[in-house]
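Below is one structure, written out as structure tokens; comments come after it.
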Protein chains: 2
Amino acid sequence: MKVIKFGGSSLATGKQVERAIRIFLADDNRQAMVVSAPGKRFSDGIKVTDLLIKYAKTYLNKQDTSEIVEQIFARYQEIGQYFGLTKEDLNFVKEILTSLPDQQYPNDDYLLAAFKAHGERLNAYLIAKILQHQGLNAKFLDPTEAGLIVTGEPNDASVSPETYLNLDQIRLQADEKIVFPGFFGITPSGHIATFSRGGSDITGAILARGLHADLYENFTDVDGIFSANPAIIDDPESIHQMTYREMRELSYAGFSVFHDEALIPAIQGDVPINVKNTNDPENPGTMILPEKDFHAEQTVTGVASKKHFSALYLHKYLLNKEAGFTLRILQILDKHGIPYEHMPSGIDDITIIFDRKFLNDQLIDLICSEIQATINPDQLEWIDDYAIIMIVGEEMKNQDGINARILNALLREHISPQMINQGASQISIMIGTKKEEADTAVKAIYNEFFK
Amino acid sequence: MKVIKFGGSSLATGKQVERAIRIFLADDNRQAMVVSAPGKRFSDGIKVTDLLIKYAKTYLNKQDTSEIVEQIFARYQEIGQYFGLTKEDLNFVKEILTSLPDQQYPNDDYLLAAFKAHGERLNAYLIAKILQHQGLNAKFLDPTEAGLIVTGEPNDASVSPETYLNLDQIRLQADEKIVFPGFFGITPSGHIATFSRGGSDITGAILARGLHADLYENFTDVDGIFSANPAIIDDPESIHQMTYREMRELSYAGFSVFHDEALIPAIQGDVPINVKNTNDPENPGTMILPEKDFHAEQTVTGVASKKHFSALYLHKYLLNKEAGFTLRILQILDKHGIPYEHMPSGIDDITIIFDRKFLNDQLIDLICSEIQATINPDQLEWIDDYAIIMIVGEEMKNQDGINARILNALLREHISPQMINQGASQISIMIGTKKEEADTAVKAIYNEFFK
């Protein structure tokens, strides 16, 4: 069987939902559909999830919520009416929406999580009703009933391993279809907690693993995954096939079509992922595969860049003779809960690269002064405009001179990398540049390998 | 004033000592001479230091020591007689040698240190006597008298900061010459402790700093420092000028003409170092300078390689989401007292590079299994044949495309680096290769920049 997941833009209107249902029903093996909340209907539209966040905040601010409830309801009403559901059929949407504030929540974070989750929950409920209305053996399956258990932060939860024991109990009849809401699970004490934003991809992957699917189809609004960011490269090539770990490396460096964390359940369950376009279902899209099933079509699969890094440069003579030097730095970072990204080192120097989002000016001052006091370096420099470029390809390890080609391409643009790092896996090369050089670097590397 | 240091091969025979003394006296500013123990007289000869180690072991094994004492004494006798010293003049050498076992030592390690140190101590004593015999205002200065205080391991000691307060008290008359034994200092409780092997370079640097020398001349048996290892490159170019930090990086990767740790006192005292050849004192040799006084003559100053590295490769999906991951690894290494050299990382992988000399098979098994249990990686691989190549040059940071040139040179030899690392200082590029590729890589890079 196949698990199929539709993103918010694929479910934004009745017409879009019709398209999604047609895709769902076109293949009998597609038995489980995971749905997002209705997304934007036009480029400056608003997502139902954002309306629900507004609803939660309005309620918490003790302001009148009737207008925002109407606005949310209207979105589901449009979809339901498109399929001929009656006002009575849709009553449940408004009832659930208006009763949200009356539930018990451990705290406001859980309240927010539950409000947000109802974008998906109501959509799954509604789409199951639409399918039933069309005479199909379809049912809404709730994370509570299925046993999709999560732990951790209420708005950034992680799946709990017992989920897979629970999902293993589910038996579907040959013609049975289930509609499952994405984005959230249930804590051991019975409260709703969501994954990070965009987390319906994760739910799809969990279901694909838990139901032992042969394929996880992830429908979105683009023709698959591009080999470079279309905002930097005009009309970049699509990737036909890539491995899990290629996807992982490209996600890290900014590829956002498929949710980073959704890879893990697919990898664990050995389920291939097919990223496809709801508006062009004939297009084969991008297959994300285990390494054993992958056949490289080109040297470089993708080039990604991410600009929000900073770096701390430390120099001290005989640095590497000081046992425990790095340990002391990491203990300082750990104390302040600051993760680091990379730590390239020379003989007497070390550069610690940070994701800027985990830092603020105060924290930077604090860690710099603590490191100064503890390590007493000869030189300590904070570099605030660091970008990382990732060049990824399984095939790179089988070819000589890839890094020379990359550096020659950069050289032609007069870019001298601040860091070059090729890990032992050799499927990716990471390059550090100045922020303002990053786009030019991506273009130069893309043109070298794709033109 | 200048501090001048002679290595063991420059003081191996009476004829060589005469040459050294001629150099010492050729410049009135040369007021302090630091001496090694007499070295090898021919390529398969034996150094006095090794004879002294044998003496210590023979004594500790309660075997007869008279023969080895005679052998050591004969070395000093040859030098003394060359300068016309009488048997009575040289009596002190045998007396001190035979009384060595009668001294009090805290343990056998201190005994070994004291025996070893007498190679230098007796030589300095003897050379001072020779100079006095020639009518010069010369004296033997002992580390005890000068206050060269050391702490740490008896056979791998470090200089203590109070040394510089003590040396500051020394006043030399305009025509006064001192002869100072290299390699050892005195612990706060009055025992002899040596630096690591070859540590006379360190003594020279300490004296140069402590006596506020304008120049530290380090005389050895080669024409200065070569830009590559003559065992790999035929007739490599000599380096005329280099900075402290260039020397430091090249020392790390295997350049051994000048002792690694001897740089630090010179840097702290801002004393330039001149490495010269006793057998060709007119040759300007190699100047090692502060960065401010350095004028680059070429792009790359030197290419070095060191083969005895190992690497631990770890892969785990979402590795970099696990805060404290590296911290836990470093705590394991710290617990076993194992230093690491470098730690290049990809997205989901990290490679930890070790100097093989700090490891044995048992330790490798132990840390691998502890890391396996603590981190639970998807993949853990031990790579035992790792080499590091360092390409060093202050001028590299001012030129585009150095790394592309290096990689193109390697590419022509079909070498794909396993790691490339260019630190923020940009004066060196470090490349990881397989052990068996290292020599070819050095040749390719040398030819690119020096031919």
Side-chain angles (χ1 to χ4, degrees), chain A residues 244-245 248-249 252-253 260-261 263-264 267 311 313 315 317-318 320-321 323-324 326-327 330-331 333-334 337 339-351 381 383 390 397 399-404 407-408 410-411 414-426 428-430, chain B residues 244-245 248-249 252-253 260-261 263-264 267 311 313 315 317-318 320-321 323-324 326-327 330-331 333-334 337 339-351 381 383 390 397 400-404 407-408 410-411 414-430:
Chain A
Y244 293 136
R245 55 184 191 172
R248 169 76 187 116
E249 306 238 344
Y252 171 83
D260 212 13
E261 290 171 53
L263 273 174
I264 311 305
I267 292 167
Y313 172 74
H315 183 277
Y317 276 103
L318 293 185
N320 75 343
K321 287 228 164 182
T326 325
L327 182 61
L330 291 185
Q331 281 162 342
L333 298 179
D334 192 58
Y340 83 93
E341 301 293 307
H342 303 285
M343 203 156 46
S345 55
I347 305 309
D348 286 328
D349 59 30
I350 191 164
T351 307
E381 191 185 345
I383 304 156
M390 294 285 307
K397 64 180 177 296
Q399 290 193 24
D400 271 358
I402 299 302
N403 32 37
L407 292 173
N408 286 327
L410 294 179
L411 180 57
H414 306 287
I415 295 172
S416 277
Q418 314 214 331
M419 168 189 75
I420 309 162
N421 194 359
Q422 177 169 28
S425 74
Q426 300 201 29
S428 69
I429 294 171
M430 180 170 18
Chain B
Y244 293 136
R245 57 184 191 170
R248 169 77 187 116
E249 308 238 343
Y252 171 82
D260 212 13
E261 290 170 52
L263 273 174
I264 310 307
I267 292 167
Y313 172 74
H315 182 278
Y317 277 102
L318 294 185
N320 73 343
K321 288 226 164 183
T326 325
L327 182 61
L330 291 186
Q331 280 162 343
L333 298 180
D334 192 57
Y340 82 95
E341 302 293 306
H342 303 285
M343 205 156 50
S345 56
I347 306 310
D348 287 329
D349 59 31
I350 191 163
T351 307
E381 192 186 341
I383 303 157
M390 294 287 306
K397 63 179 177 300
D400 270 0
I402 299 301
N403 33 36
L407 292 173
N408 286 328
L410 294 179
L411 180 56
H414 307 286
I415 295 173
S416 278
Q418 313 215 334
M419 168 189 76
I420 309 162
N421 194 358
Q422 177 169 28
S425 74
Q426 300 202 27
I427 74 149
S428 69
I429 294 172
M430 180 169 19

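Each chain gets a letter, A, B and so on, in the order the sequences are listed, and its residues count up from 1. When reading the values below, keep in mind they use all heavy atoms of this one structure, side chains included, and skip hydrogens, waters and symmetry mates.
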Across all chains, not counting sequence neighbours, the side-chain hydrogen bond (donor to acceptor under 3.5 Å, both in side chains) partners of A:Q399 are A:T299
Approximate separation, where rounding is to 0.5 Å, of [X] [atom1] and [Y] [atom2]:
X      : Y      : atom1 : atom2 : value
B:L327 : A:L333 : CG    : CG    : 9.0 Å
B:D349 : A:R245 : CG    : CZ    : 8.5 Å
B:I350 : A:M343 : CD1   : CE    : 6.5 Å

(request) Not counting sequence neighbours, which residues clear side-chain contact (heavy atoms from CB on, under 4.5 Å) with A:E381? List them please. (result)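 side-chain contact (heavy atoms from CB on, under 4.5 Å) list for A:E381, sorted by chain: A:Y313, A:Q379, A:I383.
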Per-residue tally against chain B (heavy atom, under 4.5 Å) across A:L410, A:L263, A:L407, A:I402 peaks at A:L407
Applying a strict 4.5 Å limit to non-hydrogen atoms, the region of A:M430 in contact with chain B is side chain
| Between A:S416 and B:G401, which heavy-atom pair has the shortest distance, and what is it? |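 Closest approach of A:S416 to B:G401, heavy atoms only: OG-N, 4.2 Å.
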* To do: Specify the closest pair of heavy atoms between A:P417 and B:N403, including all atoms of both residues, with the distance to one decimal.
  =>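 Scanning both residues completely, I find the closest heavy atoms to be CD-ND2, 4.0 Å.
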